[in-house]
Amino acid sequence: MVGARDLKKIGDFLYEIPTSHRSDMRVPARFYADDRLLDGITGDRSLEQLVNTATLPGVVRYVLAMPDIHQGYGFPIGGVAATELPDGVISPGGVGYDINCGVRLLASPLEADAVQPHLDQLATVLYANCPSGVGQGGPVKLKPGELDEVMQNGARWALKRGFATEADLDRTEEGGCLAGADADRVSARARDRGRGQVGTLGAGNHFIEVDVVDRVQDEDTARRLGLFSGQVVAQIHCGSRGLGHQVCTDYVNLFQKTVRKYGLTLPDRELVCAPAGSPEGRNYLAAMQAAANYAFANRQVLAFHIRRSFEQVLAGRVKNHHLFQIYDIAHNMAKIESHTVDGRRLTLCVHRKGATRAFGPGSAVLPAAYRDIGQPVLVPGSMGTSSWVLVGTAGAMDQTFGSTCHGAGRTMSRHQAKRSVHGAGLREELETRGIKVRAGSLSGLAEEAPGAYKDVDRVVEVVHGAGIARRVARLTPLAVIKG
DNA sequence: ATGTGC
């Protein structure tokens, strides 16, 4: 267990666990927090997991955790670890079971007052059009061989099928398509699980939300993104469903063997990995990218059905309900990126698990329209609480390999939450606050109770204060759709 | 997170 005495405070919102803490650490471990969040962080195994990642072969500079850190499989959720190619390792546990879990934000030109009278119907129609729940299949029938196209081309596949516009792709991380994806590295079992699930939401913390922009923190940047106070927007939070889950399972199993083959010593079995430049490592990367493309396509099809739902409910009732895309980000992904470490330009495998890329102004990979303001960062809060739109900063490039937080972060396990919260009562409470709720499972709802999460406003305050993202606008929910 | 775990 890592306790308060093992920590060194090295900045207003920054702590370090030095390599003297444990003899197998190759680099220090750093994490961002304030005093209040610190209490929760030292209460579970997440810092010990972070220290474990500091022992990985090829890890550079320091491993990092964001203020929304909590316990995960092997790596903590909210963790960032960068390893140098080709001998530095890639680990499926550093990405997570939900490969390219991420968030998409669509914005309408409408004020909340115009939508309010139709909100109940909108929630019902969204729930009907966007299938959710564990194991749930979806509306898209793929032709033979078409699943390969989804995995190779991601949101580009969706464009060809009429589910996307060029503008959507332009405002998606990586253009919605990772070029290195190789569908041949994805097992038959993973394909079987994913075949019928394109355009579905899933369960757990995944959701579709209709929100209103309730606070604008930076007027200029908000305007540049197309956001204004009182505006109705829609958020999608979901990933690669059963396909990504199976890809992770397959490679975790396979990598049990590669750990021995390459003579790797690990403090936790859950950190199984392979050198990123080895055949096994490259195969996982290609399969992970295929699953990531599937997730981009999934969110794109959901966006299409959200647009259709707005059309169905609002056409003829309001003047313009077109939903344009602000951005789509991944928060479970390993990326091959170039970063400067101690004055040297290195090619790194950056694992972001429950962490968001937050590239600052000037980055060539950003859409032209956003290049001078930095990458939009979408931070969903817990159910019934606010969410945030941030932008990446030069500070993130300097401090965190261009990364920041991804959400509120759990304080209670799912099991704990289910025991202490009643789903029906929670729904009642949300509805009393004027939030429309459509949920397939009441126990699923209980697992996502706001009380089971940290305060997202505080998490965002820390990353803003630390300079690894900048606050632009806050969103508050009008309607929530869940599995 | 997940065709949910002992």
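Computation of the quantities below employed the complete heavy-atom set of this structure, encompassing side-chain atoms and omitting hydrogens, waters and symmetry-equivalent molecules.
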Atom-to-atom span, [atom1] of [X] to [atom2] of [N] - whole angstrom:
X: A:Tyr97; N: B:dT4; atom1: OH; atom2: P; result: 14 Å
X: A:Glu447; N: B:dT2; atom1: CD; atom2: P; result: 11 Å
X: A:Asn298; N: B:dT2; atom1: CG; atom2: C1'; result: 14 Å
X: A:Asp98; N: B:dT4; atom1: CG; atom2: P; result: 16 Å
X: A:His415; N: B:dT4; atom1: NE2; atom2: P; result: 18 Å
X: A:Tyr294; N: B:dT2; atom1: OH; atom2: C1'; result: 13 Å
X: A:Ile77; N: B:dT2; atom1: CD1; atom2: P; result: 13 Å
X: A:His206; N: B:dT4; atom1: NE2; atom2: C1'; result: 14 Å

- For ring-ring contact (aromatic ring centres under 6.0 Å, His included), just list the numbers for A:Tyr284 and A:Tyr251, CA-CA rounded to whole Å, side-chain angles, deciding distance to a tenth of an Å, and then say yes or no. CA-CA 7 Å; A:Tyr284 168 67; A:Tyr251 282 88; 5.5 Å; yes
[X] near the nucleic acid: base, sugar-phosphate alone, or nothing, with a heavy-atom cut-off under 4.0 Å?
X: A:Arg189; answer: base
X: A:Glu448; answer: sugar-phosphate
X: A:Gln197; answer: sugar-phosphate

- Task: May I ask you to verify if any side-chain N or O of A:Arg414 is less than 4.0 angstrom from the OP1 or OP2 atom of B:dT4?
- Result: no
- Message: Can you tell whether the side chains of A:Arg458 and A:Asp34 come within less than 4.0 Å, N to carboxylate O?
- Response: yes
- Item | Greater than 12 external heavy atoms within 6.0 Å of A:His422's NE2 | no
- Message: Just checking A:His237 against A:His406, ring centres under 6.0 Å apart?
- Response: no
